[in-house]
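Data block below; observations after.
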Amino acid sequence: MPGKVLVAIAELGGEILSLNHHCEAAIGLSSSAALGQLVWTLLPTAEFVETMRDGCRAAADGKDVADHSGKWQTNHGARFAVDWGYHGIRGASGTMGAIVVTGYDLGAVRRVQGEAREMLDRYQSILDTAVDGILTIGEDGLIKSFNRAAERIFGYRAVEVLGRNVSMLMPQPYRAEHDDYLHNYLNSRRKKIIGLGREVEGLRKDGTVFPLELSVGEVTVSGGHVFTGIIRDITDRKQVESEARRHQDDLAHLARVHSMGDLAAGLAHEINQPLTAILGHARAWVRMLDAGNPDLISLRDSMEKIAHQGERAAEVIRRLRKYVERGEMERQPSDLSASVSEALDLLQHELKVEGVHVMVKSPAGQPEILIDRVQIEQVLVNLVRNAIQAMTEAHIPSPELELVTVVTETPCGVCVSVRDNGPGFGATAPDQLFAPFFTTKQDGLGQGLSSCRRIVDAHGGRIWAEPNRPRGAVFSLWLPLSQAQGGGGLREVTRLGA
Ligand code: ADP
C-alpha cells in the first residue's frame, strides 16, 4: 500500500464512519465491517494508539493538531512510516460534525526524495567529470553553480564564486555591461548569444584574459529564469590557429622574396628613368654655372623637376619594400581595385617591355572587403606575371590582358578575373595548376599558384582557373564580403553569460 493516502472519517468520539479504498485494503476490512470501531484501534501500531487518540480528540474539539509521523502496520504485517493528520469537519450549522484522519505514506515520499537525491548525485557527477566548464546563473546574474572544470578553467574554487555576479569572470568592458545586457534581454527577449555558440573572452582569477567558446541555454524554473553557460577554454586551439597563420604568412613572404628577383629587374629600370632625368638636369646646371650666367627662374624650375623625379624613384622603392616586407597577416577594409592597380604598377615595366595591352574594368563604388592588401596584391602579381609569361613564351602577336572586377550577390563577395589571350593550359585539369611544384616552365618552381591558393583560402575565398574564349586562360579569385562586415574571419568578442 505504500505511496497511497489513507483516509478515515470518524464520529467525534472516534467511531469509524467510512474508510477510503486504500484504507480498507490496508487493514483488510470494508468500511461496513469497520463501522463503529475506534479509529485508533485499527490504524496505528500499538505505540501510537495514544497519540492518534489524542489527535482525534483534539480535532473533535476544533483545535489545530500538528501532523505527526508514526508507524502503521498492514494486516499483512508490513510496517510503513506514515505522516498522520487530523482535521475536524463542521456541518452547515457550524458545529463540529466529524473528524477526518489522513495518512500519507512517508516511505513513498522518502523514496521520491531518495530518487531525487540519486538524480542530483548523478547530475553532480556528470557536472564534475565534464571536460567543459558548466555554470548557472539566475536572473540577477548571480552564480548558482560552478563545476570542477569551471574551477580549473577560471582558477576559482566554487565557494569563492557562488552567489557572486558572473561578470567577475569577464574582462572589461564586458564586465561593466553585463548586468544591463541581462536586464535588456529579460525585457526584450532579444537573443544575442542564447542558443548560439560564441567566442568570447574570460578572466581568470590570476587576472589573465583568455579566449573561450561559450554556449548558453535558458530554462524557466518556477517562474524565474536560469541560464546555463557551457565554457570551453580555447587558448590552445587559438595558439595552433595563430601558429598556422604565422606559418602561412611566412610562406607567403618567402614567395614574395622569391619573386622579388624577377620584379627587381623591372623596378631597377623604372628607377633608372628618373635617375637619368635627375642627372640630365644636374649636368645642365653645372654647365650653366661654369659659364657664369645662371638664370634663377629656370634653376628653380629644374630643381622642382629634380625633386619630382626623386619622388618617383622613391615611390618605386617604397612599393618594392612594402611588397617584400615581412609582416603578420593584417586585414583591413579595402577596395579590390586598389590592389589591382598596385599590382599593375609593380609590373608596369614588364608589361611595357612585352607590349601587353592591359584593360581594367571595375565597377564604381564597389564595397570594401577585409583583406591583407600586400598578400592579395601578391596573388594578383602572380596571376598577371603568369599571364605575361604564358603570352610571351607563346609569341602571341598582340598580347592582351583584361582585369575585370565584379561584385557577386550569392554568395556576397567581390571577384577579380585575370584574362589573357595566351596559349591556355591545354588538357591539364585546371585544379592541377594549383598543386605545389606543378610547373611547365623550364625554370619554374610551381609555387606561385599554390601559394595564391593558400592566401585566398586564409581569406575565406576561392581561386580557380578556366579556359578563356576564344583562347587563353582566365584565373579568378573571389573574396567574401561578410569578412568586411565583421563576421567570418573576425573574432567576435561578446559578453559572457547571456
Ligand atoms: P610557375 O610559375 O613556377 O610554373 P605557378 O604555380 O605560378 O608556378 O604556375 C603553375 C603552372 O600553371 C605554370 O607552370 C603554367 O603551366 C600554368 N599557368 C599558370 N598561369 C597560366 C596562364 N595564364 N596560362 C597558361 N598556363 C598558366
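Counting begins at 1 with the first residue of the sequence. Hydrogens, waters and symmetry mates are skipped; everything else that's a heavy atom, side chains included, is used. When a ligand or atom number is given, it counts from 1 through the structure's own listing order.
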Among N147, V166, L162, the one residue meeting side-chain contact (heavy atoms from CB on, under 4.5 Å) with L135: V166
Please tabulate, for side-chain N and O atoms in residues 422-444, each donor-acceptor pair with protein atoms closer than 3.5 Å (sequence neighbours left out).
from: T428; atom 1: OG1; to: F425; atom 2: O; distance (Å): 3.2
from: D431; atom 1: OD1; to: R453; atom 2: NH1; distance (Å): 3.4
from: D431; atom 1: OD1; to: R453; atom 2: NH2; distance (Å): 3.1
from: T439; atom 1: OG1; to: K441; atom 2: N; distance (Å): 3.1
from: K441; atom 1: NZ; to: N386; atom 2: OD1; distance (Å): 2.8
from: K441; atom 1: NZ; to: Q389; atom 2: OE1; distance (Å): 2.7

Under 3.5 Å, which donor-acceptor pairs link side chains of residues 395-405 to any protein atom two or more places apart or in another chain?
from: E402; atom 1: OE2; to: K361; atom 2: NZ; distance (Å): 3.1

Mind telling me whether F154 and F146 have parallel, tilted or perpendicular rings, with 30° and 60° as the class edges? tilted
Hey, does R232 have a side-chain heavy atom less than 4.5 Å from the side chain of R237? no
For a quick test of your reading: what N or O donor-acceptor pairs under 3.5 Å do the side chains of residues 276-286 make, sequence neighbours left out?
from: T276; atom 1: OG1; to: N272; atom 2: O; distance (Å): 2.6
from: W285; atom 1: NE1; to: S302; atom 2: OG; distance (Å): 3.1

Compile the protein residues with any heavy atom at a distance under 4.0 Å from an atom of ligand 1; present them by chain, then by number. N386, A387, A390, D420, G424, L433, F438, T439, T440, K441, G444, L445, G446, Q447, G448, L449, A473, F475
